[in-house]
Amino acid sequence: MQVVTIGGFKGGTGKTTLACLLGVAATKDGLRTACVDLDRNTRNLSSFLTLRRASRLECPDHVMLMDTEEDSRANARPRHAGRLEPLVRLAAMDGYDLMIIDTSSGNLSDVYEAHLLADLILTPMNESPADLHGLFTKAGQPAAPRINYREMLDTVRFDRSRAGLAVQRWHVVLNRVSALASRISNTVNQRVAAIAEEAGFESTWSLRDRVVHRALGLDGRTVFDMPADGRLTMSELAGRSEVRALLSLLNAASERVVSEQQFAA
Ligand SMILES: Nc1ncnc2c1ncn2[C@@H]1O[C@H](COP(=O)(O)OP(=O)(O)OP(=O)(O)O)[C@@H](O)[C@H]1O
Ligand SMILES: [Mg+2]
């Protein structure tokens, strides 16, 4: 089984949209897929998948990791650590091909764990300097984000190498890309290429801004579902191929899959 974690400490970049699109695409391709929603605050992925089920659309299996009763008491410190690994192990034993974990933008222990357990990490960002800053400014630089995604990724990599685990692939996905070229998008693209080298990620295919992706919050429909009138638009077809290109990263990642035995060690 491969684990894909979708993360980034900048809110609203498209993590949940991407998790849902990949989950639906993989399910339609016949992969036994589990989607895990770690965002206890918005529960957006759970909501999208519930809408899909209500609309009788094909769905990946879905788990929402809730706080325990004890955790939800006022002022109680959340206890999230250590709950994902058994879930990953069970899903692998149960014959799932793929687990997609949607994370929240907070620096919680289960978000760290989701990154640690991933074979492939996808970080969506909008073509905006604000997203670049929120995601990739190094700790210690002026006005660096207080919760620093790059720093967490460095820790994840260090912890994995100490445990003798394979290096993960980390891809940054430009999302909501405009069809119109602009000075800002050129600048952002150049900066992403420069940061990619030193931060150790690859910059990957992008997703365009498409109205149809917002239908997820309406009735759970994606570009992979036929519209009621049976006619797919060019935008929907193009949207499909963008998501499929991302899904194809799974094949490349499969050589580096970490076995359950390694985690047990
Ligand atoms: N490619 C896209 N085209 C059009 N709209 C998009 C696209 N990707 C995301 N959106 C919209 O952008 C908004 C944010 O997306 P989403 O909720 O997936 O982000 P997120 O990173 O999961 O946010 P959060 O940090 O709150 O969990 C939503 O309104 C969503 O419908
Ligand atoms: Mg989200």
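Order of appearance sets the numbers: ligands from 1, and atoms from 1 within every ligand. Just so it is clear, the values below take in all heavy atoms, side chains as well, and ignore hydrogens, waters and symmetry mates.
Look at Asp209 and Arg214 and you find a salt bridge, because one of the NZ, NE, NH1 or NH2 atoms lies within 4.0 Å of a carboxylate O, short of that distance. Contact check on Asp97 versus Arg32 returns no salt bridge, with no Lys/Arg side-chain nitrogen under 4.0 Å from an Asp/Glu carboxylate oxygen. At a threshold of 4.0 Å, the pair Arg83-Glu113 does not count as salt-bridged, since none of the basic side-chain nitrogens sits closer than that to a carboxylate oxygen. Taking a cutoff of 4.0 Å between a charged side-chain nitrogen and a carboxylate oxygen, Glu198 and Arg150 qualify as a salt bridge. Taking 4.0 Å as the cut-off between side-chain N and carboxylate O, Asp131 and Arg176 do not count as a salt-bridged pair.
Less than 2.8 Å away from the Mg ion (ligand 2), the protein contributes these N/O/S atoms: Thr16 OG1.
For residues 55-65, every residue pair satisfying the side-chain hydrogen bond (donor to acceptor under 3.5 Å, both in side chains) rule, not counting sequence neighbours, is listed here: Ser46-His62, Arg53-His62, Asp61-Tyr96.
Protein residues with a heavy atom closer than 4.0 Å to ligand 1 are Gly11, Gly12, Thr13, Gly14, Lys15, Thr16, Thr17, Asp39, Ser105, Asn175, Arg176, Arg208, Asp209, Arg210, His213, Arg214, listed by chain and number.
Classified by interplanar angle (parallel below 30°, tilted 30° to 60°, perpendicular above 60°), the ring pair Phe201/Trp170 is perpendicular.
Leu180 belongs to no hydrophobic cluster with other residues, because no ILVMFWY side-chain heavy atom falls under 4.5 Å from its own, directly or through intermediates.
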Derivation of the salt bridge (Lys or Arg N to Asp or Glu O under 4.0 Å) call for Lys138 and Glu151:
CA-CA 7 Å; Lys138 271 187 180 167; Glu151 204 169 43; over 6 Å; no
